[in-house]
Structures are given as C-alpha cells and as structure tokens.
Novice: 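I have a structure here, written as structure tokens, and I will follow up with some questions on it.
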Amino acid sequence: MADFAFWLIAALTLGSALMVVSSKSLLYSAYSLLFTFIGVTGLYVFLWADFLAVVQVVVYVGGILVLIIFGIMLTNKISSVNISHTSVQKGVGALVVLGFVSALGLMVYSTPWIQLPNSEPAETTKLIGNLLMMDYLLPFEAASFLLLGALIGATTLSRKDY
Amino acid sequence: MTVDFLIDLFSKFIDIPIVAFLLAVTIAGIPLFVLMALNATIAVYVERKVSAFMMDRIGPMGQGPGLHAGKWGVLQTIADALKLLIKEDTVPASADKLLFKMAPFIIFIGAFLGIAALPFSSVLQVVDFNVGVFYIIAVASVGVIGIVMAGWASNNKWSLYGAMRSAAQIISYEIPAGLSIIVPIMMAGTMNLQSLIEFQTGSVWGILPNWIIFNNPFSFLAFFIFFISAVAETNRTPFDIPEAESELVAGWMTEYSGFRWAVFFLSEYANMFVVSGLAATAFLGGWQSPIPGFFNSPLWGLFWFLGKIIFLIFVMMWFRWTFPRLRVDQLMHVCWKVFIPIAMLNIFGVGIWKLIIG
C-alpha cells in the first residue's frame, strides 16, 4: 500500500514538474507547480515530517504560488492568453543541466542515508522548536534578518515617490 | 472514531490493503460530504430568513398551490438545489476550458480537507493530526488557488478583478489569523486539536468554563482578531470585495452556472463551517460543555461542538446583514495596520503572561 502510494506521489511530483518546464503557457506552468508542491508535501509525509509537510502547503501553495500567479496575471494583459516562454541557448543549457545532474547523482550515491524507524514519531514540532531556538539560533536569526530586509526593500521600492 | 480505526477494522476482513484503505476512506468521507451538503442547505435557508428578519421582511414563505415551498418556506433551498442541478452548465467560448472546469474541484478540495480534521467529539474525528491547527490553516489556503484559477479561466474582466482582489485579501488576512491562532498554541503547548480541547477542561473562578478565550486578556483579544480574519478569509460581507455584486457582477464566479456554481456555494459554507470549527476548538473549548463538568459525554460533546459552530455561523450572517462592504484600502488598513500589530503584541503579552502567571 505504502509503496503504491509512494510511486503515485512520486509520479505526480515528477509529471507535474515536467509540465512546469514544458508548458507553453506561463500560467499553466504556475498551476502545474501546484501539483508539484502537493506531491512534495506527500513525500514529506512519507518521511514522518508532518510539520514540514504543512509548512510546505502554507508557504509554497498558500503563499509563493499565489504570489507567482498574482504576478503573472498583473503583468499580463487580460485579453492575451499566451505568454510563451521559449528555450534559448540550448547547448549551454544542456551542459549546465548535465553538470547539475552529475553533481546531484554523485551526492545521492556518496551520502550515507539514514534509515528512518518505521513508526510515527510522537511529536516533531517540539524537536524542531528546540533545535531552532538552541542549536541553530544564529542561522535562524540570520534568515529572519534577511527576510526583514527583503520586506523593507519591497515596501521602499513600491512607494510612489521612489 | 478515526479513519485509522476503520482501516484496522477492514484490514481484518479484506486481504488487499488498497481495497481496505479505499473502503475506509470512502466510508469516513461520505458523512463529511453529507455534512457539507446539509450545512449548505440549512445555512442558505437560515441566511435567507436571518437576512429577512434583519431587514424587517418575512423571507421565503411558500404561498399558493403548485409552487409551494413548504411551511415557512423550508423547502426553498431544496427547490434551489434542484434548480441548480438541472440548470444548463455553460462554459464561455473564450474561456480556458481546462482551468475553468478544474477550478471548482480545487476549491472543493480545500474546503473538504479542512472538515476532515475537525474534532467533532472526543471520540469522533476523521483524522487526528499532531499539527491539526496548522493543518486546517494550511488547507484553507488551497482554496484561493482555485479562486484565482476560476477568475482567470473565465476570461472576463470582472472575474479577473474579483480573483485578484480575493488573492490579495486572503493572503493578507492569513497573517493576522495565523498570528492569533499562535496564542492558544502557546498556552496549551500543542497543535493537536484534541489536546488543545483537553487543555480547556475545568473552570476559572468557579463559574466560567476554562476556555482559552476566558484565560487572559490577550487570548480574549486574539479570538476576535482570529474570528474577524476568518470571516475575511471566507470572502463574506463585509469582506466580500472579491464578489462585490454592485461593482463586479458576481466577481470571480460571474461566468459559472449550474452545478459548478453550486460547488462554489457549497465550499463557501463549508469554509464557514471549518473556520468556525477551528475558532470553537482553539478558543471556545471545542466539544467541552459551557457549564464545566455538565453533560460532557462524547455524544453531548458533538452537540456542544456543533452548537458553537452554528452560533459562530449565525454571527457571520449577522455581520453580513449589518455591516456595509469595506473598500479595498480600508480592508488592507484594518489588516496590516490594526490587526497585525495587535496580534504581534498578543503573542508577546501571552508569553509574558505565561512566564509570570503560568
């Protein structure tokens, strides 16, 4: 059962990701991204990462994806349906992709993967909270500082008198 | 009774795990769907009557032979539902057919997933998540994708404006709603809906139930911010600028008719049910009785939980027929300059309160 569900979710994720890059319409790509994000959520659930799965939905589906679609619709004239994104510089692109694939493949094969226990952990949020506030406080604060900077920058740029 | 229990039960009789799983999920899902449909049917009737009484009218009454809508018009919504089911399903010629047809499904899924996690009683809950509160907040944000999809696919200026307003509004109001729901989570130290309700057992000062709303001034304030933001997230008046009849015809659902439109309506009322359920769980003691220790058996729990939800839905209708619609700038002003600062202060205040008083 679990195997079947895993393959189904993996197929959904990869299939929709393929749609994202191959679709002619930018908006179709954005909507395909919805299914990719949902698929990744499913993969997190398989890793017993319930909190991370929900964060994935809140941040990516509820926030980033809506903003992407919002951006596309705002920059697109109502009457024009097609914003095509065609491929340019295919040779260089292929080289870069090949490099990335080999680097990622090397990483996948050389990493000693941890086998998770086959039972649901009692509580993940407490552990995450402790880690964020104790061991990884500096990166956490650095990330929040970066986001604050982005927020202030966006507000400044969108002011009329700027 | 959770869906896990059903899966275990069916696994004993059926050897193929996928069949047992699908059977259990279907059997757990059908009552939820029936609940959604019943909720919408009854709420539409109540909404008509409530609006009528608030405007000093009598509302649907059902007069005359042949076109009889029952005593006091109780069959009015049944007639409406039948009408919607047999209505022609039109798709505009210039619409994006695929997205146009997909949008109602996505909105429906967003509403349905939320209901699946509500704790109807101490023993009756379809899925008991460890991160239940956060889960409901998350799936509530899936619906907005469907709204934007419907608005864009309709290829109509009113639909598009409605969809963009809706996206801006829902994304904005998610923030105060999310920040306010942190208050009960901080106090109970858990995101599990059942544990959150168990935390609210007992009484304060001997008379009031120990609900989170009565626990301290910050949580009292947090409830109101959460509830108002929740009303905004369900796109209801006074926050209904996405469908603003007087400006945008019907906003993002202008081009929809028949059953697809009925699905939007069903989802709107289901969303009201979900956010009321979350408010009742996190602030109003969920299935706990309002009189501490009185009628607290699981079946009464169902009664209290549904009672609280019905009351909150009534309050939403009360809002709708009392307040005029907000303008876009007023809407954003309330959200970003009033609610978010207060919600932030609430989190700070509750932290101090918990540190000093406990």
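Lettering of chains follows the sequences in order, A, B, ..., and the numbering in each one begins at 1.
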Novice: So, taking the atom named OG1 in A/T125 and the one named CZ in B/F134, what distance separates them when rounded to the nearest 0.5 Å?
Specialist: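 Result: 10.5 Å between the selected atoms.
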Novice: Which heavy-atom pair separates A/G62 from B/I171 by the least distance, and what is that distance?
Specialist: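 Heavy atoms only, the tightest pair is O-CD1, 3.5 Å.
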Novice: Can you tell me if CZ on B/F264 sees more than 12 non-hydrogen neighbours from other groups inside 6.0 Å?
Specialist: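 Enclosed.
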Novice: If you look at every heavy atom in A/V57 and B/A138, which pair is closest and at what distance?
Specialist: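 The answer is CG1-O, 3.7 Å.
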Novice: Of all of A/V59, A/V54, A/L65, A/I69, which one pairs up most often with chain B through heavy atoms under 4.5 Å apart?
Specialist: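 If we count pairs closer than 4.5 Å to chain B, A/V54 comes out on top.
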Novice: Could you tell me whether the side chain of B/I106 reaches within less than 4.5 Å of the side chain of A/Y31, counting heavy atoms only?
Specialist: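 The answer is no; the side chains never approach within 4.5 Å.
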Novice: Give, as side chain, backbone, both or neither, the part of A/V55 having an atom under 4.5 angstrom from any heavy atom of chain B.
Specialist: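 Both the backbone and the side chain of A/V55 come within 4.5 Å of chain B.
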Novice: With respect to A/V66, which candidate in B/V144, B/I147, B/I170 satisfies the side chain to side chain contact (heavy atoms under 4.5 Å, CB included) definition?
Specialist: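 Single pass found, and it is B/V144.
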Novice: Between A/Y28 and B/L99, does the side-chain contact (heavy atoms from CB on, under 4.5 Å) criterion hold? Intermediate values first, please.
Specialist: CA-CA 9 Å; A/Y28 269 65; B/L99 294 183; 4.1 Å; yes
Novice: Measuring heavy-atom distances to chain A, does B/M102 have an atom under 4.5 Å in its side chain, in its backbone, in both, or in neither?
Specialist: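 The answer is the side chain of B/M102.
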Novice: What part of A/F51 lies closer than 4.5 angstrom to a heavy atom of chain B: side chain, backbone, both or neither?
Specialist: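 For A/F51, the contact with chain B is made by backbone and side chain together.
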Novice: Evaluate whether atom NZ of B/K97 has more than 12 neighbouring non-hydrogen atoms of other residues, nucleotides or ligands under 6.0 angstrom away.
Specialist: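 For B/K97, atom NZ is crowded (more than 12 foreign heavy atoms under 6.0 Å).
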